[in-house]
Amino acid sequence: MCFGRCTRCIGFKLLILALLSIVANILLYFPNGETRFASEHHLSKYVECLHGILGGGLLVLIPAAVFIGLHNDDCCGCFGHENCGKSCAMLSSVLAAFVGILGSGYCIIISALGLSHGPYCYTHVERNWIYPFTESSGGYLFEYNKWSKCQEPQNIVQWNVTLFSILLVVGGIEFILCFIQIINGILGGVCRLCCSHEEVSHFFS
């Protein structure tokens with residue numbers, strides 16, 4: 001059966017995506033590589049939700065580690081049949097996949113909200129730190145001429161749009177991979193369980 005091989009492949013992909021998510025979220029804290037905006041609390045509230053570090057990062061690393069470690073499961077199973085133990089391992093991977101679903105889902109939601117509301121920045125018109133694009137409901141994304149409203153941090157709109165978009169895509173891919181593993185884990189567990197039952201019945205016949 002290739003179910004276990006598929007699970008480990010998904011695990012390695014989730015590992016890479018989780019690390020990318022963490023890096024992208026960290027970069028959101030330092031617009032243009034500057035640290036003063038974080039220390040002065042002049043960052044978008046959605047940056048501080050840790051959706052890339054906690055959601056798309058740590059909560060996805062858990063199923064990634066479980067999936068990658070499946071080949072280390074040496075459970076001999078029922079009556080010495082390996083398939084029974086392996087089927088339990090595959091079915092348990094489904095629980096880990098649900099954790100990944102929650103984490104990636106959180107990453108997707110916050111990233112979408114961050115893109116929709118726009119950055120928190122200083123504008124010369126209001127002479128204050130505000131969310132100038134909140135009422136546009138994401139329409140500002142296609143109105144590049146209005147991005148100059150944000151004077152500080154410099155290029156904050158481009159910075160936020162790029163990184164939130166990366167997190168949105170990464171979270172979406174993680175969600176899909178975890179969903180695939182739920183199906184893969186159920187099919188792998190049931191198939192191996194059926195095989196082990198057949199072997200047990202042959203053992204007693």
Side-chain angles (χ1 to χ4, degrees), residues 10 13-64 96-182:
I10 291 175
K13 290 179 179 178
L14 286 177
L15 176 62
I16 295 172
L17 291 170
L19 294 176
L20 177 60
S21 177
I22 292 173
V23 171
N25 200 160
I26 291 174
L27 289 175
L28 278 172
Y29 271 87
F30 307 110
N32 304 314
E34 299 181 55
T35 60
R36 62 189 179 95
F37 301 108
S39 60
E40 295 170 359
H41 302 289
H42 287 154
L43 295 174
S44 167
K45 58 185 176 182
Y46 297 108
V47 174
E48 299 176 346
C49 287
L50 300 177
H51 60 295
I53 296 174
L54 178 61
L58 297 179
L59 286 180
V60 173
L61 283 175
I62 294 173
F98 274 114
V99 175
I101 288 282
L102 293 176
S104 59
Y106 176 61
C107 185
I108 292 171
I109 293 171
I110 299 301
S111 296
L113 289 174
L115 285 171
S116 176
H117 283 241
Y120 182 65
C121 61
Y122 181 85
T123 66
H124 285 329
V125 178
E126 287 81 5
R127 295 186 179 277
N128 198 5
W129 288 85
I130 62 171
Y131 291 93
F133 306 114
T134 301
E135 296 180 359
S136 72
S137 300
Y140 78 96
L141 292 169
F142 308 101
E143 298 173 346
Y144 310 115
N145 59 317
K146 294 184 179 181
W147 289 9
S148 58
K149 282 184 178 181
C150 286
Q151 300 296 318
E152 198 174 1
Q154 290 185 357
N155 303 315
I156 185 61
V157 180
Q158 295 91 323
W159 188 268
N160 272 23
V161 169
T162 299
L163 292 173
F164 273 119
S165 297
I166 289 174
L167 286 168
L168 182 63
V169 172
V170 167
I173 297 174
E174 290 174 339
F175 188 93
I176 293 172
L177 288 175
C178 288
F179 184 76
I180 291 174
Q181 177 52 33
I182 290 177

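Throughout, residue positions are numbered sequentially from 1 according to the sequence presented.
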Give the intermediate values and the outcome of side-chain contact (heavy atoms from CB on, under 4.5 Å) for residues V157 and Y140. CA-CA 10 Å; V157 180; Y140 78 96; 4.0 Å; yes
Determine, stepwise, if the pair F37 / Y122 fulfils side-chain contact (heavy atoms from CB on, under 4.5 Å). CA-CA 11 Å; F37 301 108; Y122 181 85; over 6 Å; no
Any chance you could lay out the side-chain contact (heavy atoms from CB on, under 4.5 Å) test for L17 and V60, step after step, and finish with the verdict? CA-CA 9 Å; L17 291 170; V60 173; 5.8 Å; no
Evaluation steps, side-chain contact (heavy atoms from CB on, under 4.5 Å), between I22 and L61: CA-CA 10 Å; I22 292 173; L61 283 175; 4.3 Å; yes
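Between the CG atom of L58 and the OG atom of S21 there is a distance of 9.0 Å, given to the nearest 0.5 Å. Taking NZ from K149 and CZ from F133, the interatomic distance works out to 6.0 Å, rounded to the nearest 0.5 Å. Taking CG from L28 and OG from S44, the interatomic distance works out to 8.5 Å, rounded to the nearest 0.5 Å. The CD1 atom of I10 sits 11.5 Å away from the CD1 atom of I176 when rounded to the nearest 0.5 Å. The OH atom of Y29 lies 13.0 Å from the OG atom of S39; values are rounded to the nearest 0.5 Å. Rounding to the nearest 0.5 angstrom, the gap separating the SG atom in C49 from the CD1 atom in I110 is 4.0 Å.
Taking all atoms of both residues into account, the shortest heavy-atom contact from Y46 to L113 is CE2-CB, 3.6 Å. Scanning both residues, N25 and G52, for their nearest heavy atoms gives OD1-N, 2.7 Å. For the pair L27 and W159, the tightest heavy-atom approach, listed with the atom from each and the gap, is O-NE1, 3.0 Å. For the pair I156 and C150, the tightest heavy-atom approach, listed with the atom from each and the gap, is CG2-CB, 3.6 Å. Smallest separation of non-hydrogen atoms from P63 and A97: CB-N, 4.3 Å. Nearest heavy atom pair, residue P132 against residue I130, reads CD-O, 3.2 Å.
Applying the side chain to side chain contact (heavy atoms under 4.5 Å, CB included) test to I16 and every residue at least two apart in sequence or in another chain returns nothing. Every residue meeting the side chain to side chain contact (heavy atoms under 4.5 Å, CB included) condition with T134, not counting sequence neighbours, appears here in chain and number order: H117, Y131. With sequence neighbours excluded, no residue satisfies side chain to side chain contact (heavy atoms under 4.5 Å, CB included) with L102. Listed by chain and residue number, nothing satisfies the salt bridge (Lys or Arg N to Asp or Glu O under 4.0 Å) test with E135 (two or more places apart in sequence, or in another chain).
Between Y120 and H42, the ring planes lie tilted relative to each other; the angle falls in the 30° to 60° range.
The neighbour count for R36 CZ, taken as heavy atoms of other residues, nucleotides or ligands under 6.0 Å away, is above 12. Heavy-atom neighbours of E152 CD from other residues, nucleotides or ligands within 6.0 Å: above the threshold of 12.
The side-chain hydrogen bond (donor to acceptor under 3.5 Å, both in side chains) analysis of residues 99-111, with sequence neighbours excluded, yields the pairs H51-S111.
Remark: side-chain polar atoms of Q151 are paired, donor with acceptor, to backbone N or O of S148 under 3.5 angstrom. A side-chain donor-acceptor contact under 3.5 Å links N32 to the backbone of Q154.
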For residues 161-174, which side-chain N or O atoms pair as donor and acceptor with protein atoms under 3.5 Å away, sequence neighbours left out?
| from | atom 1 | to | atom 2 | distance (Å) |
| --- | --- | --- | --- | --- |
| T162 | OG1 | Q158 | O | 2.8 |
| S165 | OG | V161 | O | 2.5 |
| E174 | OE2 | A18 | N | 3.4 |

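Between N160 and P31, the closest side-chain pair of non-hydrogen atoms is not below 4.5 Å.
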